[in-house]
Protein chains: 2
Amino acid sequence: MNEPSTIRPRRITSYDVARAAGVSQSTVSRCFKDDTKISPKTRDHILRIAREMGYTRNALARSLITQRSNMVGVIATAFTIRNNPELIYAVGDALQNSGNSLFLMVIKDDDSIGASLQKAVEYPLDGLICCAQMPPDWIEQFATRGVPLVFFNRVVETTVADCIALDHATAGQRIADVLFEAGHRSFVCIRGPDRAPVSQLRVEAFQNRLHSLGIGTIPTLSTDFSYAEGRRSFLDLMARMDRPDAAFCANDQLGLGVLDACRFDLGWQVPDDISVIGFDDIAEAGRPSYALTTVRQPIVDMAETAVSMLLERMEEPDLEARRIMVQGELIRRSSARLAGT
Amino acid sequence: MNEPSTIRPRRITSYDVARAAGVSQSTVSRCFKDDTKISPKTRDHILRIAREMGYTRNALARSLITQRSNMVGVIATAFTIRNNPELIYAVGDALQNSGNSLFLMVIKDDDSIGASLQKAVEYPLDGLICCAQMPPDWIEQFATRGVPLVFFNRVVETTVADCIALDHATAGQRIADVLFEAGHRSFVCIRGPDRAPVSQLRVEAFQNRLHSLGIGTIPTLSTDFSYAEGRRSFLDLMARMDRPDAAFCANDQLGLGVLDACRFDLGWQVPDDISVIGFDDIAEAGRPSYALTTVRQPIVDMAETAVSMLLERMEEPDLEARRIMVQGELIRRSSARLAGT
DNA sequence: AGTTATTATGCATTCGAATGCATAACAGGG
DNA sequence: CCCTGTTATGCATTCGAATGCATAATAACT
């Protein structure tokens with residue numbers, strides 16, 4: 001007896017419009033497609049009535065019959081969203097410009113992706129941009145279902161999905177080189193989470209290069225990729241060792257934290273006492289208060305490329321898998337003593 | 001003749017599963033709902049077959065019949081996304097925890113909202129959280145269609161939508177008061193975009209309060225709410241006037257820009273030469289390199305509240321409209337000389 | 001075993017738009 | 001005015017799952 005006091009008003013359907021306009025439902029339907037032939041007279045007539053009645057096409061019903069939802073899923077971790085809001089905007093904008101919509105699935109971290117993948121197939125989404133790690137069987141799954149898939153900054157060994165990523169490893173090496181050339185000989189690393197592939201690639205390449213240049217073990221701390229952790233863990237480390245020549249941080253947030261730790265907690269001069277290098281070139285890194293030397297990750301370009309790759313694959317489902325490696329640009333600022341200009 | 005070489009494989013439907021399991025489609029359907037009675041034996045049997053065949057329910061088809069898409073729209077401007085990525089995450093997370101999905105519509109600015117609104121009714125979304133200005137006829141539109149609507153940081157005069165916003169005006173006044181009490185007598189304002197209501201509310205309240213305290217016209221510049229513009233426009237202003245006692249910035253990005261302008265471009269001591277105050281309390285404001293005095297906007301709490309308001313209204317469509325004003329907290333840091341502790 | 005109470009299942013319809021095919025309406029030509 | 005060629009419209013079906021109602025199957029009692 002206690003039914004909802006306000007019933008959601010019944011939706012106006014194409015049949016309602018058809019009836020009111022004295023035509024068939026098919027004719028109404030055709031009014032909203034450009035390609036079909038329909039006499040201008042009836043079209044105007046129907047459109048007027050439709051407007052008066054407040055009729056709008058139901059995208060869900062259309063999707064059911066056209067087999068396209070026009071929704072593209074994006075899976076992003078909390079970290080990605082917080083650190084690369086530009087990415088979300090760029091992807092959303094590009095998608096919308098191509099007539100698609102953005103179905104955003106946020107996940108705590110790479111491990112909690114399951115539910116989102118399930119949703120992606122249930123809805124069903126026309127394509128997926130994934131900024132997180134994905135279990136191989138799921139990759140397979142999307143492939144067999146014919147859902148185009150693009151990985152963003154996660155390199156995946158597969159021939160059934162595209163992938164665009166910064167070349168973290170090369171950049172990590174590069175940093176090792178320029179620091180070494182500039183005379184630095186003792187180092188520390190502040191990493192992100194242990195299983196963040198991005199952090200891993202950057203730091204390991206850095207360390208390996210230095211090893212091959214004859215540097216011994218490099219003290220390294222894992223953190224959660226945040227400013228606060230960067231600052232705290234660096235102080236931790238410095239409490240138990242001598243000041244190194246340089247600190248390499250797996251991303252800029254950590255870098256900023258380390259910079260502040262040096263300047264405000266330890267009272268060190270940067271770069272005279274120590275060189276600090278970050279990764280990403282987020283906006284704050286470029287401000288004079290920080291002037292963090294870093295590697296630029298052109299996130300907006302990458303986002304746009306990711307979307308076009310996806311759209312291409314949506315057109316042409318059996319394109320060969322592409323693997324785009326974007327080279328990061330070393331941005332020299334005053335937080336590090338570097339060789340060269 | 002040139003048809004797509006890879007045809008998207010036909011989706012496995014409940015009929016397919018039914019046939020394979022030797023039951024009817026209805027029975028398959030019922031397997032995926034907890035509430036309906038079905039014998040454990042057949043359920044297991046069907047679920048096993050469904051899994052083997054890779055069957056997943058089609059959310060679109062379900063929505064068509066249940067009249068619920070389980071998708072909630074969020075409309076956010078580029079600025080909101082860039083400046084409050086936390087908001088996106090918090091909203092997305094809260095929605096997902098309640099069994100809904102996030103349909104994100106990004107817009108360039110408040111003026112380009114039209115297309116998104118159209119999409120919101122077409123899809124159709126079960127509810128809408130709008131972080132932008134919306135034309136009154138559209139508000140009406142959603143109301144008549146029975147689509148719950150919550151405004152975030154946009155105060156709208158309406159009885160048909162909820163709204164949660166920071167009390168920008170009171171906070172603006174408060175800042176005027178504390179600066180005045182601390183002896184500041186000459187001021188400048190760096191505003192955001194002219195039609196950003198948030199900027200308007202903050203700055204006008206600040207100015208009005210100072211006027212009523214006997215302060216004359218306050219030099220004010222409109223910008224685009226970014227660090228770069230804050231820095232640039234402040235320098236512009238300082239080129240044509242004497243140093244004021246205090247600068248009030250409509251948000252923290254501007255505040256950081258002004259701070260850097262003072263310290264790095266003008267060589268001023270903050271807060272000795274000038275007090276700088278921002279608004280929002282973004283992460284960077286709290287770092288020692290800036291230590292910007294500001295008003296905290298509890299964005300994550302607000303986001304969660306917005307979602308619960310929406311969910312409540314989705315349950316109970318004719319709740320009275322609520323208007324929640326969140327009080328900002330003044331965060332005293334070292335960028336301003338203030339009275340009191 | 002017979003009768004009732006209780007599940008468990010199936011049938012048929014519904015949601016709203018798109019579309020292939022058939023046909024009606026109309027225009028143009030002789 | 002009739003015939004042909006277009007163009008515009010309608011009919012009927014489809015997409016995939018949910019659900020009220022009817023009924024078959026089973027369980028529970030005498």
Side-chain angles (χ1 to χ4, degrees), chain A residues 3 7-47 49-50 53-70 121-126 145-146, chain B residues 3 7-47 49-50 53-70 121-126 145-146:
Chain A
E3 45 184 285
I7 292 118
R8 201 197 294 218
R10 206 180 64 78
R11 200 183 163 87
I12 308 289
T13 75
S14 54
Y15 286 96
D16 300 327
V17 177
R19 200 174 315 117
V23 297
S24 76
Q25 179 268 329
S26 350
T27 308
V28 175
S29 171
R30 285 193 259 259
C31 272
F32 294 88
K33 303 204 60 177
D34 324 325
D35 54 328
T36 330
K37 283 295 173 58
I38 193 170
S39 86
K41 191 156 25 112
T42 35
R43 156 170 268 146
D44 291 350
H45 176 223
I46 294 176
L47 286 180
I49 294 191
M53 300 178 73
Y55 168 74
T56 324
R57 285 191 308 190
N58 185 325
L60 298 181
R62 176 179 15 180
S63 297
L64 202 54
I65 189 78
T66 61
Q67 303 283 6
R68 299 203 124 229
S69 64
N70 291 113
V121 300
E122 282 198 3
Y123 252 89
L125 304 175
D126 286 349
R145 284 173 189 272
Chain B
E3 46 184 284
I7 290 118
R8 200 196 296 216
R10 206 179 63 76
R11 200 184 163 86
I12 308 289
T13 75
S14 53
Y15 286 96
D16 300 328
V17 177
R19 199 172 317 116
V23 297
S24 76
Q25 179 269 328
S26 354
T27 306
V28 175
S29 171
R30 284 192 261 259
C31 273
F32 294 87
K33 304 202 56 176
D34 324 325
D35 55 327
T36 332
K37 285 293 171 65
I38 194 171
S39 86
K41 190 155 25 110
T42 35
R43 154 169 270 145
D44 290 350
H45 177 223
I46 294 176
L47 286 181
I49 293 192
M53 300 179 73
Y55 167 74
T56 326
R57 283 190 305 184
N58 185 325
L60 297 181
R62 177 181 17 185
S63 297
L64 203 55
I65 189 79
T66 60
Q67 303 282 2
R68 299 203 125 230
S69 64
N70 291 113
V121 301
E122 282 197 3
Y123 253 89
L125 303 175
D126 285 349
R145 285 175 190 270

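Within every chain, numbering begins at 1; the chains are lettered A, B, ... in the order of the sequence lines, protein sequences first and strands thereafter. What you see below is based on every heavy atom in this structure, not just the backbone, and it leaves out hydrogens, waters and symmetry mates.
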Spacing of A/L60 atom CG relative to D/dA18 atom C1', expressed in whole Å: 15 Å
Length of the CD1-P vector between A/I12 and C/dA17, whole Å: 10 Å
B/S29 side-chain N/O to D/dA18 phosphate OP1/OP2 under 4.0 Å: yes
Separation between CG of B/N70 and CG of B/L125, rounded to the nearest 0.5 Å: 11.0 Å
Any A/R62 side-chain nitrogen or oxygen under 4.0 Å from OP1 or OP2 of C/dA18: yes
Contact under 4.0 Å: A/K41 side-chain N or O vs D/dA8 OP1/OP2: no
Touch class at under 4.0 angstrom, heavy-atom based, for B/T13 against every strand present: sugar-phosphate
Side chain of B/S26 - closest among D/dA17, C/dC15, C/dC11: C/dC11
Rounded distance (Å) that lies between atom C1' of C/dG16 and atom NZ of A/K33: 15 Å
Can you tabulate the close N/O pairs, meaning under 3.5 Å, that link protein atoms to atoms of nucleotides 23-29 of chain D?
none

A/V23 side chain near A/I46 side chain, heavy-atom distance below 4.5 Å: yes
Selected nucleotide, minimal atom distance to B/N58 side chain, candidates D/dT19, C/dC15, D/dA17: D/dA17
Side chain to side chain donor-acceptor pair (under 3.5 Å) between B/T42 and B/S39, intermediate numbers included: CA-CA 6 Å; B/T42 35; B/S39 86; 2.5 Å; yes
Polar side-chain atom of A/D126 near backbone of A/R68 as donor-acceptor pair, under 3.5 Å: no
Any N/O donor-acceptor pair, A/S63 side-chain to D/dC15 base, under 3.5 Å: no
Polar side-chain atom of B/S69 near backbone of B/S63 as donor-acceptor pair, under 3.5 Å: no
Basic-acidic side-chain contact under 4.0 Å: A/D16, A/R11: no
Short side-chain N/O contact from A/Y55 to OP1 or OP2 of C/dA17, under 4.0 Å: yes
Main-chain N/O of B/S24 paired to B/R19 side chain as donor or acceptor, under 3.5 Å: no
Interatomic distance, A/I46 CD1 vs C/dA18 P [rounded to whole Å]: 13 Å
Sugar-phosphate only, base, or nothing, as touched by A/Q25 at under 4.0 Å among non-hydrogen atoms: base
Residue pair B/T27, B/R43: steps toward the side chain to side chain donor-acceptor pair (under 3.5 Å) verdict: CA-CA 8 Å; B/T27 306; B/R43 154 169 270 145; over 6 Å; no
A/Y15 side-chain proximity, nearest of C/dT19, C/dC15, D/dT13: D/dT13
Expected output: side-chain A/T56 to main-chain B/E122 donor-acceptor under 3.5 Å: no
d(CG, B/L64; P, D/dT19) in whole Å: 13 Å
Sugar-phosphate, base or nothing in reach of B/F32, heavy atoms under 4.0 Å: nothing
Distance in Å, B/Y55 OH paired with B/Y15 OH, rounded so as to fall on 0.5 Å steps: 10.5 Å
Distance in angstrom units between A/Y123 OH and D/dA17 C1', rounded: 14 Å
Which pairs, protein N/O on one side and nucleotides 7-9 of chain C N/O on the other, fall under 3.5 Å?
{"unit_1": "C/dT9", "atom_1": "OP1", "unit_2": "B/S39", "atom_2": "OG", "d": "3.4"}
{"unit_1": "C/dT9", "atom_1": "OP1", "unit_2": "B/T42", "atom_2": "OG1", "d": "2.9"}
{"unit_1": "C/dT9", "atom_1": "OP2", "unit_2": "B/S39", "atom_2": "N", "d": "3.1"}
{"unit_1": "C/dT9", "atom_1": "OP2", "unit_2": "B/T42", "atom_2": "OG1", "d": "3.0"}

Length of the line joining A/R19:CZ and C/dG16:C1', which is rounded to integer Å: 13 Å
First encountered from the 5' end of DNA chain C, between B/A61 and B/V28: B/V28
Distance below 4.0 Å between B/Q67 side-chain N/O and C/dT14 OP1 or OP2: no
A/R62 CZ to B/L60 CG distance, which is reported to the nearest 0.5 Å: 11.5 Å
Minimum-distance nucleotide (side-chain atoms of B/I65 versus C/dT14, C/dT19, C/dA12): C/dT14
